[in-house]
Structure formats: structure tokens, C-alpha cells
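These numbers come from the heavy atoms of this one structure, side chains and all, not from hydrogens, waters or symmetry mates. In what follows, every chain begins at residue 1, and chains take the letters A, B, ... in the order their sequences are listed.
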Amino acid sequence: MNVFAEVEARVLAALRGLEEKGTLPAGLDFANVAVEQPRDPAHGDLACNAAMVLAKAAKMKPRDIAEALAGVLRLDPDVVSAEVAGPGFLNLRMRDAFWYDVVGAILAKGPLYGSSDVGRAARTNVEYVSANPTGPMHVGHCRGAVFGDALAHLLSFAGYDVTREYYINDAGGQVDVLARSAFLRYREALGEDIGEIPSGLYPGDYLKPVGAALAETYGRDLLQKPEEDWLPLVRSFAIDAMMAMIKEDLAALNISHDVFFSERSLTTGGKNQIAAAIAALDAKGLIFKGRLEKPKGHDDEEWEDREQTLFRSTAFGDDNDRALMKSDGSYTYFAADIAYHYDKLQRGFRHLINVFGADHIGYIPRMKAAVAALSDGKADLDIKVCQLVKLFKGGEPFKMSKRAGTFVTLRDVVDEVGRDPVRFMMLYRKNDAPLDFDFAKVTEQSKDNPVFYVQYAHARAASVLRNAREAFPDLEVVHEGTATADLSLLTDGGELDLIKKAAFFPTLIEGAAQAHEPHRLAFYLYDLASAFHGHWTRGNDLPQLRVIQPNDRAITAARCTLVASLKQVLSSGLTVLGVGAPEAMR
RNA sequence: GGCCCCGUAGCUCAGUGGAUAGAGCAUCAGAUUCCUAAUCUGAGGGCCGCAGGUUCAAAUCCUGCCGGGGUCGCCA
């Protein structure tokens, strides 16, 4: 049950009725008519903008339309008042029973309350993390990983058919470096003194176990072979080991993917998907030989003007055409990425979402150009950029550097502050704004820490239901979570406000999903928790407002039903964000 | 120089084209014999970077400027 959609349907019916009666001219476009939450609750429960949207086309004064609409809606038994205000807003106040039905709906739908079918099962691909398989995940990967995971959750909750995907960059020069680094550790494992790790190779200790495993698998066999023979073996061995490690790191954050797509697989097994994708673009006349200008403001001594194979991305709004071949004749990273996205399109995805780090921001226009060209504009690609995370420890900036040995891995962060705080803090900010992450504050258990604030609201709700169960062991609501109580006993304004906030949950989910903005959910949960804490504390001064009334079974039942519904919304919201909803916090 | 992101309270940031622009922190003043005070109530604090434009309505959309950050063929 979505009260906003419900009331909007009634408004549209009323408008059509006015059309038939001739009060409004026929043929008006109602597409922009919306029922929303008024910013100021004093204005009413729901507000409708119909009069202002339609005034011009109808050639009528906004207030006249609003009055006519109000006249019809006042006949609705659920509408207590319909007032025209300001430039032509129609403010509606609904009777209490209308809101009690929301509580019933929440408990009836349980974890599914707030889920939606706005996504219409559209095939949607969310690509996130895609860290190079050359080492453990570091803290810089963390934000995009959490963001992508929460967005995928959110989209499937809103009815999209979501595939979570990881693109493994296992084809570039960096995996050859990985192989050579692992080979060195292999020699070390066989007893050789390898001394300092030469610069240009990966020095991390995390390759030691890989070297040992290589020694166990191959014995001394590889030592005799030339590099061209051992490199492919060691490379694939090391990549598998790195991916296993990365998957473990991600699991520590409760992140998983449905598909791991190998870049190398684009050109192995007798196929060449890169050539195929380029051919597809060529057929559209978008591939040509040309020269690129040397970028300005870039003092590159080694710049060499040469003719190369280019993709005409400027035809789709990019500021430069883009190279597809390196000087040695191999494909650029971009060429492979085109083929990868071509593959996604051929697998039937119509909504593509990529989560990028801030350093890839300049890559966006060319990727969008490629998808637009390959799909003939039938698919959309949204690229969500996650800005940098600045680390602090007790207010002091905390730099990470591999050389100084303060290389902060994602695992370190999760181990130190815990999964829930990491996830929530990463989401409690718009993705395209930089984020300050202070280890001290994130672990602090106080109201200054939004994670604990929201979780505490959930634990509080759980706690009061436990206590109610002791006071009234046979009370159905606290056992079954069903709305059998007489909710008309919920007459306090604070109680009704809580219901109205909970009623906004489905609308919020749809908006956040369509905008690809999971942070909206984090802020909503904070707001709902705040309202709950506020109402709760009123019980300190006014004992008659407390949930459990030992001498009044009926009112305890009604309030427990409300608390159970709030607990459900908090729990559902936290679950979508991938954050735990604890039953108790002590 | 091109492109992208950001500019809202002292600080960190919300704000789905709508009514008097919000929250947290910090500051100040209060609340606990009580269902979890890990909480709550109140006060002060604003040319929403600047200037135009679109609109019945702009912090929000468009253009230009100013300021901060990022990025710019053969790395991935």
C-alpha cells in the first residue's frame, strides 16, 4: 500500500469527473499532477499541485481549479478536510482510520512492505568494485563497493531484475607484473634469497602464500622454463588467488556478485569480441583512421603524433575521439571495455549502471558514447561516481602509503570499526560528494554516530515488545506481529506522525531507486529513528504516553502494533542498505 | 586550454521544480525515582558563490562568470 499513489489515483479520478462535467476543458494532460508530502506538516497530510499544473492549459485561475477539485474530494469518506492554500495548493487531511490501515498494511506485508514494481522487472546490470586482481582491496575501493551493493539491493527491492557484476581486468600489463612478482615469491618459497623486491614489481607480503602455493603445485619445474612458458601459468594462478582474496574481503562487507566477467575472456577461446564490437561500430560509420591533437596543459615530451584507429565519440557529445589501438597494435583498455559493454547489451540488459571511482571521471563521456552507439540509443548507461574518502583518526588526517607501511586495506577498516558502521557511513552521504571517514567517530556509540542512532531505534522497539510480552504474555500482537488490536486507540499526535512517516517509505524507495540514490534511504531512516526517539522520550514526562500500560491491555496492544510496524520499516530499510538491525544493544 | 564534479548556518552535510530553505556537530539553556539518557526539549546562527534566463513557481532546470577539486593518446 502506497498512500501517495492511492490518493493520486483518487485525485486523477476526481479530475476526470470534472472534465466530464465540463468544469474543466477536455483533453488536459495530467502527467505532471502529483501528490506529495507538504514540507510543513501544518499544511496537511498530503498536498496536490494539480491546480497550478493545469491552470495554463485550462485557461483558468489556479485557485478556481483547486476549489472545484476540493469540492469533489471532500465527498471522499477518508478525506477530513481539503483546503486551498498559497498559489493553489490543495492540502488534504485524511481521517485517522486511513492511517491505521497503513499500520495494518505494514504488518501484513512484513519484509515486503515498501517493495515495489516500478522497476517492471527491467533487466538491469550494476557493475561495481571491478578492482584490479593484483592485490587486496584497499580502503579506496570500499565506498564504491558498498554503494554498488546497496544500489543493487535497492533496485531489486523496487522491482528491477538486477544482475550484480564484477569486471576482472585480467588482460593488461598489470597482471604480467603480478605474475613476475608471484614468480619471485615462488623462488623465495623454494629457498632462494630474493633480497629487496625490485621496483616495478608488487612488494606486498600477500604474495608470499601465492609463491608457496606455486611451489607446492609445481615443485621446481618452473625454474627451468623461460618466462614465456611460465608466465601464463603463474599469471592465471596468481589471478585466481587474488580474486579469491578479493571475494573474501568483499564477503567481510557482505558484498557479493552474480557474475565475474573476465576481460581476457573477450579474446580467448578462439573468439575476438573486441574485433566484433569494433566491426559493429564500423558498420555504423563510427570507426576511422585519424590523428589526435596533443592535449593542452600536458607537458608530455614523449608525445608522438601518429595515425591511429579512432572511435568517433564526438558524435555523441564527447570532446575528443578516442583511440582503440596502441602503437604496438594491441587494443586499448577502452576497446576492450566497448566489447564488454557490447556483451552486456547482447545479454539483454537495457539499464546499465557502472560505479566508478573519482579518478575515472573523464572516462564517462566516451563510455556513454559507446553504449549509445552500440544500442542505437535503446539502452541507457548511468555512471555513478564515488568521490574520495578522506581518512581521519581522531580528527587528524590519516594518509595511506604503501611505502610508509600504512597501507590501509579494506579488511583493516572492517576489522577495526565493524561492517555495519562502515556500510552506513559510506551511504550516509551523496556518492558524488567527498567523504570524511574518522575511525574514532565511526566506532563511537553515541547519538553523534548515525549508525548507532538508527540501530538503537530498532533495538528500542524490539526491547519494548519484549517487555510487553512479559507484561501481557497472551497479547497476540507481540507474538504474531499482526494487527488485531483496536488501532483507534492511537489518538496521540505523535503516534499519528510516526505512522505518516512510515507511510512515506514506499514512495521513498521508488524515488531513491529511480534516481539511483541509496543515500536517500539512509537519511530517511535517520529521520524515522529521530521521530521515534522523540516520541519515546515524551513518555518520560507523560507516563500515559508510554507504550506499555500495565492496567490497559487494549492500549498496550494498539501501541505495540504501531511499534512493531516501525520496527518493520527500520528493519527493511537497514536490510536494503545491508546494515544489521539488532534486537538488542547493550 | 577542453571536459566532469562541487560551492547551502562557524564546521560536516540533507533538500523529489513548489508554500516561512532543514539536520547533525559546535555554542548556550534545560530534562533521567520512568518501557534502554547510546535518548530528548529549547535558543541563537543564512545575499542557498555572483549575474542573467526559462517557469504560475528556481537552492533545484538553462547560459555566462568567480572560487575549490579531479581528469586529459600508446595506464587500467
Quiz item: Does NZ in A:K501 sit with more than 12 non-hydrogen atoms of other residues, nucleotides or ligands closer than 6.0 Å?
Solution: no

Pick out the pairs of N or O atoms, protein on one side and nucleotides 16-27 of chain B on the other, that lie under 3.5 Å.
| residue | atom | partner | partner atom | Å |
| --- | --- | --- | --- | --- |
| B:rA19 | OP2 | A:R39 | NE | 2.6 |
| B:rA19 | OP2 | A:R39 | NH2 | 2.6 |
| B:rA19 | O5' | A:R39 | NH2 | 3.1 |
| B:rA19 | N6 | A:N91 | OD1 | 2.9 |
| B:rA19 | N1 | A:N91 | OD1 | 3.2 |
| B:rA19 | N1 | A:N91 | ND2 | 3.0 |
| B:rG22 | OP1 | A:R39 | NH1 | 3.1 |
| B:rC25 | OP1 | A:K447 | NZ | 3.3 |
| B:rC25 | OP1 | A:D448 | OD1 | 3.3 |

Exercise. Could you state the atom-to-atom distance from CD of A:E293 to C1' of B:rG1 in whole Å?
Key: 11 Å

Quiz prompt | Length of the line joining A:H535:NE2 and B:rC35:P, which is rounded to integer Å | solution = 16 Å

Practice problem: In whole angstrom, give the distance that lies between atom CZ of A:R429 and atom C1' of B:rU8. | Solution: 14 Å

Quiz item: Quick one: is B:rA57 close enough that its OP1 or OP2 comes under 4.0 Å of any side-chain N or O from A:K56?
Solution: no

Quiz item: Which part of the nucleic acid, if any, lies within reach of A:A584 when heavy atoms closer than 4.0 Å are counted: base, sugar-phosphate only, or nothing?
Solution: base

Quiz prompt | Distance, rounded to the nearest Å, where A:I65 contributes CD1 and B:rC56 contributes C1' | solution = 11 Å

Quiz item: Contact class for A:N540 vs. all strands (heavy atom < 4.0 Å): base, sugar-phosphate, or nothing?
Solution: base

Quiz item: Between A:F452 (CZ) and B:rC40 (P), how many Å, whole number?
Solution: 16 Å

Quiz prompt | Presence of A:H519 side-chain N/O under 4.0 Å of B:rG15 phosphate oxygens OP1/OP2 | solution = yes

Quiz item: With under 30° as parallel and over 60° as perpendicular, where do the rings of A:F316 and A:F311 fit, or are they tilted in between?
Solution: parallel

Quiz prompt | Atom-pair distance (CZ on A:R466; C1' on B:rU36), nearest Å | solution = 9 Å

Quiz item: How are the rings of A:Y333 and A:Y363 set to each other: parallel, tilted or perpendicular (split at 30° and 60°)?
Solution: tilted

Practice problem: Please state how far atom CG in A:D527 lies from atom C1' in B:rA14, giving the value in whole angstrom units. | Solution: 10 Å

Quiz item: Is there a Watson-Crick or G-U wobble partner for B:rU63 with both distances under 3.5 Å, and which nucleotide is it?
Solution: B:rA51

Quiz item: Counting just side-chain N and O atoms, does A:R460 come under 4.0 Å of either OP1 or OP2 of B:rA37?
Solution: yes

Quiz item: Closer than 4.0 Å, any side-chain N/O of A:S327 to the OP1 or OP2 of B:rC74?
Solution: no

Quiz prompt | Pairing partner of B:rG18 (Watson-Crick or G-U wobble, both distances under 3.5 Å) | solution = B:rC56

Quiz item: In B/S/- notation, 5' to 3', how is nucleotides 58-71 of chain B contacted by protein heavy atoms closer than 4.0 Å?
Solution: ------------SS

Quiz prompt | Complement of B:rA31, any strand, by Watson-Crick or G-U distances under 3.5 angstrom | solution = B:rU39

Exercise. Taking only Lys NZ, Arg NE, NH1 and NH2, and the carboxylate oxygens of Asp or Glu, determine whether A:D432 and A:R429 approach each other closer than 4.0 Å.
Key: no

Quiz item: Paired with B:rA23 by Watson-Crick or G-U wobble geometry, both distances under 3.5 Å: which nucleotide is it?
Solution: B:rU12

Quiz item: What do you reckon, is NZ of A:K441 surrounded by more than 12 foreign heavy atoms closer than 6.0 Å?
Solution: no

Quiz item: Does CD belonging to A:E293 count more than 12 external heavy atoms closer than 6.0 Å?
Solution: no

Practice problem: Starting from P on B:rC13, measure out to NZ on A:K430 and report it in whole angstrom. | Solution: 11 Å

Practice problem: Verify the contact: side-chain N or O of A:K326 to OP1 or OP2 of B:rA76, cut-off strictly under 4.0 Å; return yes or no. | Solution: yes

Practice problem: Check whether any side-chain N or O of A:Y340 sits under 4.0 Å from OP1 or OP2 of B:rA76, and answer yes or no. | Solution: no

Quiz item: What is the nucleic acid contact for A:I548, judged by heavy atoms within less than 4.0 Å: base, sugar-phosphate only, or nothing?
Solution: base

Quiz item: If each of A:N320 and A:T537 is mapped to the nucleotide of RNA chain B with the nearest heavy atom, which maps nearer the 5' terminus, i.e. the 5' end?
Solution: A:T537

Quiz item: Can you check whether A:N169 has a side-chain N or O nearer than 4.0 Å to OP1 or OP2 of B:rC75?
Solution: no

